[in-house]
Each structure stands twice: as C-alpha cells, then as structure tokens.
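These notes are about the structure you will find just below.
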There are 2 protein chains.
Amino acid sequence: MIINLPEQTVERLSQYRRILLNYQYLDHAYIFSHNLARVLKTKSGTVRRDLMLIGVSGDVHKGYDINLILRKISEAIDGDTPENICFIGIGNLGRSVANHFAAGNGNLRVVAAFLFDQHQSIFPDVPEYDLTMLSEVIKQQNILICALAVPRDYAREITLLLVNSGIMGILNFTATQLQVPKHVFVEDYDMVAKLEKVSYFMKMTKNHLQAYD
Amino acid sequence: MIINLPEQTVERLSQYRRILLNYQYLDHAYIFSHNLARVLKTKSGTVRRDLMLIGVSGDVHKGYDINLILRKISEAIDGDTPENICFIGIGNLGRSVANHFAAGNGNLRVVAAFLFDQHQSIFPDVPEYDLTMLSEVIKQQNILICALAVPRDYAREITLLLVNSGIMGILNFTATQLQVPKHVFVEDYDMVAKLEKVSYFMKMTKNHLQAYD
DNA sequence: TAGATTGTTAATCGATTAACAATC
DNA sequence: TAGATTGTTAATCGATTAACAATC
C-alpha cells in the first residue's frame with residue numbers, strides 16, 4: 001500500500017532520511033521538527049506536515065522518534081525489496097551516491113556502471129561494463145532504474161535500448177527530451193540550464209545588494 | 001538593465017536557446033510557440049508568456065523570429081561579458097556541458113576543471129588542475145561560478161575556500177547544505193533524493209497502470 | 001475570407017507558510 | 001504552572017493552464 005505523496009514531499013523524505021542516518025543525531029533518540037527544518041533550510045511546519053502525511057506522530061515534549069521516522073519513511077517510499085539501479089556515463093558524480101547506497105542506506109543498490117568512451121575505472125565497488133553489454137546486464141540483473149548521462153547524439157538510440165530492456169525509470173542528464181512509452185517515468189536535469197540559472201540569480205543578488213550600499 | 005524573471009522562466013529561456021541553436025530550426029527563420037512547447041513538453045501559452053516577459057513579439061502568421069528570440073534571451077539572462085566557470089570533481093557529466101559552452105553557445109565558459117582524487121584526463125579542451133591550485137586559479141581566471149561535486153567530508157572546507165577566493169554562485173552536487181554568506185547564490189541538486197524520487201514515482205506509475213488492466 | 005496564432009487576463013493548481021488551539 | 005512543541009487549518013505565494021479577443 002503506497003500513499004499518494006506530493007513530489008516535493010517525496011524528495012524531502014529522502015533528505016530527512018539521509019540527515020537522520022548520517023548526522024550526529026544517531027546518538028539522540030528524538031528530534032524536533034525545527035532541527036530537521038534548519039538543516040534542510042525549510043520551515044518546521046513543512047517538516048511536521050510531511051511527517052503527518054506518512055503517519056508519524058510526535059511527542060509534545062520530546063519531539064519525533066527518529067527510528068519511527070526512519071521506519072515510516074521506508075514504508076512510504078521504499079518498495080518491499082531493494083531496487084537495482086545502474087549508471088550510464090556517470091563518472092565521479094556518481095561515486096558518493098554509489099557509496100551512500102552501498103553502505104546500506106535507502107533501498108536502492110547500484111549494481112552496474114557503464115562507462116562511455118573511456119576505459120578508466122571510476123567506481124571502487126561497482127562492476128563496470130562496456131556499453132555493448134547494456135541490454136544484457138540490465139535484463140540479467142533485473143535493473144529497473146538508471147541514471148543516463150551520454151552525449152546527446154546517442155541519447156535516442158540508447159533510450160530505445162533501455163526501454164526494450166525493461167527500464168521503467170530514468171534520471172536523465174542528457175540535453176534531450178527522451179521519447180519513452182507512458183509507463184516509463186523520466187526525471188530531467190539540465191545542467192546547462194542550471195548553470196545559466198546560477199549565473200542569472202548571482203547577477204540579481206549582486207545588483208540587489210549593491211542597491212543598499 | 002536586468003529584468004526580474006521567475007525562476008522557472010529563466011530555466012526555460014536557457015532551454016529555448018539551446019533548442020533553437022542546436023536543432024534543425026536553424027534553417028527556419030521563424031518558429032511557432034507550439035513548436036517550442038512540444039520539444040520542451042510544456043504548453044504554448046507558457047512559451048508565449050515567457051517570450052512576452054522578455055519583450056519578444058511574434059507575428060500572427062509567421063510566429064516568432066528566431067534571431068530575435070535569441071537576442072532577447074541573451075539580453076535577459078546573459079551579462080555583458082562572458083562569465084568564467086569551473087568544475088570541481090565533475091567528470092563525465094561535465095563533458096557535454098563543457099563542449100556546449102566551448103562551442104560558443106550561451107555566455108559561460110568552462111575555464112578550469114579540478115579533479116578530485118584521480119589524475120585521469122577527462123576534459124579534452126579544459127585545463128585540468130589539482131585541487132591544491134583551487135584558490136589560485138579561481139582568482140587568476142576571475143571565476144565567479146562553479147559546479148561542486150566533492151565527497152561530503154570535504155564540502156565545508158572547500159566551500160570556505162571558494163567563498164574566500166571570490167566565488168559568488170555554486171551549483172552544489174554534494175549532499176550538504178553549504179554554509180555561505182548571503183551574497184553567494186547556491187543551487188542544490190541532491191542526486192540520491194532524485195533517484196529515490198524516480199523509484200517512488202516509477203512504482204506509482206506501475207500501480208496506476210495496473211489498476212486499469 | 002476562413003483559419004490559425006498571438007498576447008494577455010483570469011482561473012486553477014500545487015506547494016509553502018502563518019497561525020494557533022491542543023497538549024503535557 | 002509556564003513554556004515549548006505538535007497537529008492541522010486557512011491564507012498566501014508562485015507557477016501553470018485555460019480561454020479568448022485581437023489580428024492578419
């Protein structure tokens with residue numbers, strides 16, 4: 001039974017979990033909503049609302065039971081069994097992500113990495129394959145999710161291969177709108193657009209601060 | 001004179017530009033709002049609204065003048081002079097981004113890449129440096145923007161160094177909320193959260209489709 | 001003209017935030 | 001108790017979408 005949650009709440013739940021798993025809070029049994037809010041730069045009301053949505057109740061004096069939060073987050077966003085994922089053309093950026101999951105955090109497991117046009121070993125603990133093995137490995141390892149970061153010219157062709165191999169979720173770093181059937185969920189990230197956004201808002205910030213000189 | 005634009009509009013303007021620069025539209029002089037909308041999976045009204053905001057007027061019969069759009073986008077989101085940026089710990093993922101800017105698209109230039117704990121050459125056309133050179137290169141090259149993807153344990157220390165070296169905009173791929181003074185603009189990207197989001201909505205899609213079997 | 005597109009406003013949607021009674 | 005936090009509703013905010021008169 002999966003609850004229907006808002007997009008933003010799903011992302012924050014993932015972040016609450018990592019914060020709770022990694023930070024010093026592990027020696028505390030309870031945490032207040034404003035503590036979580038501060039770390040994530042959000043408001044305590046947002047945290048309480050998110051927790052309410054997944055059925056976590058807090059204690060007026062002690063705050064929220066950390067283990068309860070972790071269990072409820074897992075119930076809310078994890079499936080019953082670990083999910084296998086793979087990286088395609090993701091290098092350094094994927095390393096800490098791979099480490100995070102390899103340490104048993106969350107419910108995803110990076111079981112394969114496909115290197116694009118180089119044969120350097122990047123991931124210490126993830127089997128690395130050539131792109132030619134893509135379809136075979138995905139089927140063998142029962143991989144449903146991948147992060148895709150190949151040059152645009154290959155995006156269309158590889159996407160077709162992915163879909164035919166059974167992939168159902170794609171984190172898309174290519175500068176292409178992938179053509180996929182409606183049962184495949186795609187989340188896009190356009191790094192060029194994000195860099196230009198940073199550039200724009202940096203300039204805005206600069207102007208705004210100068211206005212008060 | 002920079003116009004105050006909504007976040008989402010800024011990102012889309014960047015995407016319109018890339019689409020117009022790269023796709024086959026270059027042999028057309030005009031484009032309709034619904035053509036741009038289709039490529040970006042948005043609505044034609046959104047495109048017209050965005051273009052209106054930056055002062056582009058279209059022709060009821062021919063659509064929008066592509067060169068006019070490109071000029072107005074540049075006026076709206078680019079500065080007067082090219083902006084130097086650098087990559088820190090970004091590998092393969094940065095390559096096509098670097099190529100995009102190296103080809104003269106947009107107003108950003110990748111002038112340096114800092115490799116984290118390996119000495120492999122990844123970027124064909126970008127000077128690569130050791131992390132120890134960070135502060136020196138940033139100052140010398142007058143770099144204001146960077147994309148940061150180092151392991152979490154180093155994030156705090158390197159961020160301090162960046163800020164002290166004059167960085168004013170950071171695209172943050174580390175799983176850390178960076179502590180920066182208020183004149184520094186930070187855009188966060190949490191890859192673990194995005195992968196868990198893909199996993200969640202993939203499951204939702206699956207359930208939803210099964211409901212209609 | 002007939003038909004298609006622009007430019008713009010109002011309606012809608014989704015998410016965040018403010019606020020506060022209830023609680024211990 | 002006094003003071004702090006939870007749980008929840010209503011208000012607000014920002015962005016998208018629907019809709020349509022104006023245009024040629």
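Just so it is clear: chains get the letters A, B, ... in the order the sequence lines come, proteins before strands, and each one is counted from 1.
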Is the phosphate of C/dA15 approached by A/Arg12 (side-chain N or O, under 4.0 Å from OP1 or OP2)?
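No, no such contact exists.
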
Sequence neighbours left out, what pairs pass side-chain hydrogen bond (donor to acceptor under 3.5 Å, both in side chains) with at least one residue falling in residues 147-161 of chain B?
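The answer is none; no pair qualifies.
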
Which residue pairs satisfy the side-chain hydrogen bond (donor to acceptor under 3.5 Å, both in side chains) criterion with at least one member in residues 10-20 of chain B, sequence neighbours excluded?
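Pairs touching residues 10-20 of chain B that pass the test: A/Asp190-B/Gln15, A/Asp190-B/Arg18, A/Lys194-B/Glu11, A/Glu196-B/Ser14, A/Glu196-B/Arg17, A/Lys197-B/Glu11, B/Arg12-B/Asp50, B/Tyr16-B/Asp50, B/Arg17-B/Asp78.
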
Is it true that a side-chain atom of [X] and a backbone atom of [Y] form a donor plus acceptor pair closer than 3.5 Å?
X        : Y        : value
B/Asn172 : B/Val186 : no
B/Asn107 : B/Thr81  : yes
A/Lys182 : B/Thr205 : no

Which atom pairs, donor and acceptor, lie under 3.5 Å between side-chain atoms of residues 53-61 of chain A and protein residues at least two apart or in another chain?
from	atom 1	to	atom 2	distance (Å)
A/Asp59	OD1	A/His61	N	2.6
A/Asp59	OD1	A/Lys62	N	2.9

Give a yes or no on whether A/Lys41 atom NZ has more than 12 heavy-atom contacts from other residues, nucleotides or ligands under 6.0 Å away.
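Enclosed: over 12 neighbouring heavy atoms sit under 6.0 Å from NZ of A/Lys41.
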
Could you tell me how far apart [X] ([atom1]) and [N] ([atom2]) are, to the nearest whole angstrom?
X        : N      : atom1 : atom2 : value
A/Asn4   : C/dG14 : CG    : P     : 11 Å
B/Arg38  : C/dT5  : CZ    : C1'   : 16 Å
A/Leu40  : C/dT16 : CG    : P     : 11 Å
A/Phe201 : D/dG14 : CZ    : C1'   : 12 Å
A/Gln8   : D/dG14 : CD    : P     : 15 Å
B/Leu53  : D/dG14 : CG    : P     : 15 Å
B/Lys41  : D/dT16 : NZ    : P     : 16 Å
A/Lys43  : C/dT17 : NZ    : P     : 5 Å

Every protein N/O lying under 3.5 Å from an N/O of nucleotides 6-9 of chain C:
from	atom 1	to	atom 2	distance (Å)
C/dT6	OP1	B/Ser33	N	3.3
C/dT6	OP2	B/Ser33	OG	2.6
C/dG7	OP1	B/Ser57	OG	3.3
C/dG7	OP1	B/Gly58	N	2.6
C/dG7	OP1	B/Gly58	O	3.3
C/dG7	OP2	B/Gly58	N	3.2
C/dG7	OP2	B/Tyr64	OH	2.7
C/dG7	N7	B/Arg48	NE	2.7
C/dG7	O6	B/Arg48	NH2	2.8

Under 3.5 Å for both distances, Watson-Crick or G-U wobble, that's the pair rule; now give the dot-bracket for DNA chain D, with | marking pairs to another strand and [ ] for crossing ones.
..||||||||||||||||||||||

Going by side chain to side chain contact (heavy atoms under 4.5 Å, CB included), A/Thr174 matches just one of A/Ile158, A/Asp188, A/Leu148. Which one?
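That would be A/Leu148.
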
Residues which pass side-chain hydrogen bond (donor to acceptor under 3.5 Å, both in side chains) with A/Asn99, listed by chain and number, not counting sequence neighbours:
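Applying side-chain hydrogen bond (donor to acceptor under 3.5 Å, both in side chains) to A/Asn99 gives none.
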
Nearest to the side chain of B/Pro6, which nucleotide is it out of D/dA15, D/dT17, C/dT17?
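My answer, after comparing the listed nucleotides, is D/dA15.
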
